[in-house]
Amino acid sequence: MVGKVEAVNGGVKPTTTTPASSETPADLAPPAFSFRALKLKTKQQELLIRVTILCLVYVLAFIARLFSVLRYESMIHEFDPYFNYRTTLYLTQKGFYEFWNWFDSESWYPLGRIIGGTLYPGLMVTAALIYWTLRFLRFAVHIREVCVLTAPFFASNTTLVAYFFGKELWDSGAGLVAAALIAICPGYISRSVAGSYDNEAVAIFALLLTFYLFVKAVNMGSLAWALASAFGYFYMVSAWGGYVFIINLIPLYVLVLLITGRYSMRLYVAYNCMYVLGMLLAMQIRFVGFQHVQSGEHMAAMGVFFLMQVFYFLDWVKYLLNDSKLFQAFLRITVTCAVVVGAVALGVGTASGYISPWTGRFYSLLDPTYAKDHIPIIASVSEHQPTAWSSFMFDFHILLFLFPAGLYFCFKRLTDATIFIVMYGLTSMYFAGVMVRLILVATPAVCLISAVAVSATIKNLTQLLRAKNKAAGPGKGATSVKASSKASLDQSLPFQRNGAIALLVGAFYLLSRYATHCTWVTSEAYSSPSIVLAARGAYGNRVIFDDYREAYFWLRQNTPSDAKVMSWWDYGYQITAMGNRTVIVDNNTWNNTHIATVGRAMSSYEDEAYEIMRSLDVDYVLVVFGGVTGYSSDDINKFLWMVRIGGGVFPVIKEPDYLVNGEYRVDKGAAPKMLNCLM
Amino acid sequence: MAMSTTPTLLLFLLILPSAILSSDPDSSIVSELLHLQSQSKSGLIHLSDHLLRRLLHPSSAPRPFSLLIFFDAQQLHDKTELRLKHLKSEFSLLATSFIQNNPSDPNIFFADIEFKESQSSFALFGVQALPHIRLVGPEAKDPKSDSIQMDSNDFSNLAESMAQFVESKTGLTVGPIHRPPMLSKTQIGLLVLAFFISLPFLVKRVLSGETLLHDWRVWLSGAVSVYFFSVSGAMHNIIRKMPMFLADREDPSKLVFFYQGSGMQLGAEGFAVGFLYSIVGIMLAFVTHLLVRVRNVTVQRFVMVVVLLVSFWAVKKVVFLDNWKTGYGIHAYWPSRWT
């Protein structure tokens, strides 16, 4: 299993490889080409070391995400995962066909929700498959345990895919470093801790898998790999709405290759197969439907598809014509015609409304100031805020410094694969700057590029170390960190060696600081299930607040089973999953008017609110108050958003009515409307 | 006959103009205001002390029009947190939209008044702080107490919210606000035409491999700039319109360049940190690419050591800044107990 894209540093030192520390496995990758004569033992040793390191990284990725399970208990965190859990439960209890055609009357009362057609089923189906497999092997697990541990399991799988991707990009050493880096990178851990049973847990694995398979297909030009990448894309589409990133990045990559003159048959085979098959497969998901041919977000892929056909056609004509001047004229005419026809078709499609424009969610990435003014629901989510540099530092630490160095190395050795990773890295970094949540998508790219930098640097340094009394500088002078002139350096070799040793020590220190940072961040910042809160009591003892779950359990036990509960949309999923009662609005936020009705009820005077609630058949109202414990994200804090969203639809609710001199006060001196409203 | 009619004619001639003048003073004021409005490009009438006195003369109440006055001060235009220039342009947008939607409507006039020229008017209205916009209704007698002040909530959504204020207080409809597009129609047409004409030439050059796009150095510098833009949090600064630096609250003469507290940052801070990030990678590229070509070994070694020291300093600086900013104390994690 030796990668084809090994480093071409031909100066092989046939010494036995010394194992490095398990945290920094980047210093061993002797190419295997020249071991044909003998030294099978070394090759086996090297294979053993690589497999060991990969196993250790796999286990590390899993256990680094288990902090909250050890500290609290094995439960599902946050709000959205509860919906996923409920649907997975339904899937395992009722079967796939019931799940696929499910209409839920328990949420969004009285409208109901077509769950089968409005979710991405990848995560639920995956967890259900794992559950059924374990059950088949006679392990009596509860579906909740499977759900909680799905995310760390797939994070470990992602490290494996990162290894193969790194091997494809650069060499197996870079692959090992990439696997180790991505195992503990906080940007990824934040959304894949145990208990965070959300789409991203599976989606990042699917994303990296699709990209790896596509790059492999482009490198090999084989139909089998392209087919695999189409299936990878199908898995991604079934898992997360972020598949739009893939379907735009890959055409952009193909376009860049075409522009820089790297058109080849391999690219043609890979892209065509992946696009056509991937599109057909993606249309099987009800939520996506016909968007691949109708939505503006997917048009880039179609445009590039047709452009590829034009390129192939031109290539064929060139081969037939054998006359360059005639061909040039023909070329100019054809390409102009093709572009004009494409533009006209796009224009007609958009103008006639057949091709829908970019939806608000994705348009706000291109024009970041759009959401703030026009869509308050999107603007209010804290994850959608633009990123300050401290967030980058928090989530990436050392990798940010290594990123430009890695970019430089990739540019020095431009292949189809390195062009891809550079594009992925840059586009995802730009989007990560727009929205904090998208740091997650940038993480694999940053880890891979930094791994290239680390691997190349450390390899050169260790080669310097291992160079005995050979004259002349290191094998590839341009890529060595310690610059050397062409003259012989016999007397300066010890200086070089000491310098190399110092730099190696520095590099290891840097990487160990990275590991420390990641562990601290994971433990302190990303391991809290927001449904259970902990604080330090007066004597330093730990006090646990389980108020949320106790409240939902109370609902479940003490209210009639057809009771309707009105609350703000944050808690909808949890109430249906744990309290098992019907809610008016929940986190899906698909109907803005319904949410605005609830907002209006919360912020009107009690008698008006009573009328609204009677019309909705509400029996109970659930509010969250954090004043006694100092919990700061309660409903009083969110109240102004209720007013804004309600006021967006019902002009009778005006935000200035609730403010005193432009200030939001909730004490005795608050505005009279504020004091007398339902909240 | 002639002798007796001349004095009456003279008297009549004398009385007539004054009768005309005094019979309809309002309409002359209104026509004068309409005239001034049509002359000004921004739709705002520039008021002076004198003009304001005439408009607010007690004898002319009830006036047939309302007056919305924007109080301005040239010397405060530089203070970015007041956003005076921006508000003034929004105010004039409101005025021009109103005029466009309701031509020659004499019910409301939009005016601005400058502090240096008309200090006494500011005192008359009791204006202490800017920005300040006041609505003087038709029945208002005393400027200070009878006029309605637009408060900061109505500024928040700029011209749209100002229009709402006008509509709610005066009952007049402003109509839709006409914002000028970024490029005018002719400019867009010219651009499209130029693009289509140049298309065949561009394509030919791309295929022959001569364009700037084929040089990998261009792509590399583009890549580094995208990285710099992203990592320095420039997007955050653009969206939130953060200033480059703030004045220290305790000591207004000192400037604060770095914001303490995670989640927000200032303009200069972003540039400084982005520079520190990029410098490490760029220096590595410099060393491996350019320094190799230098012949003199001592020079090479010296530059190497300098580069190493600078990189080390840059990384240390960023880590220190991050710890100061967020207040986190990151340490190795050896748990002492299970909880």
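Proteins get letters first, then strands, A, B, ... in listed order; numbering begins at 1 in each.
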A:T418 side chain to A:R413 main-chain N or O, any donor-acceptor pair under 3.5 Å? yes
Relative to chain A, which segment of B:Y227 carries a heavy atom at a distance below 4.5 Å: side chain, backbone, both, or neither? both
Sort B:L276 into side chain, backbone, both or neither according to what part of it lies under 4.5 angstrom from a heavy atom of chain A. backbone
Tell me, do A:S390 and A:F394 make a side-chain contact under 4.5 Å, heavy atoms counted? no
Closest heavy-atom pair, A:L438 versus A:A432, reported as atoms and distance to 0.1 Å, is O-CB, 3.9 Å
Tell me, side chain or backbone of A:Y263 under 4.5 Å from chain B's heavy atoms, or both, or neither? neither
Engaged part of B:V305 at the chain A interface, taking heavy atoms whose separation is under 4.5 Å: neither
Quick one: are B:V318 and A:F401 in side-chain contact, heavy atoms under 4.5 Å? yes
For A:E524 and A:V521, indicate whether the former's side chain and the latter's backbone hold a donor-acceptor pair under 3.5 Å. no
So which part of A:L402 gets closer than 4.5 Å to some heavy atom of chain B, the side chain, the backbone, both or neither? neither
Of all of B:V315, B:V280, B:V226, B:V224, which one pairs up most often with chain A through heavy atoms under 4.5 Å apart? B:V315
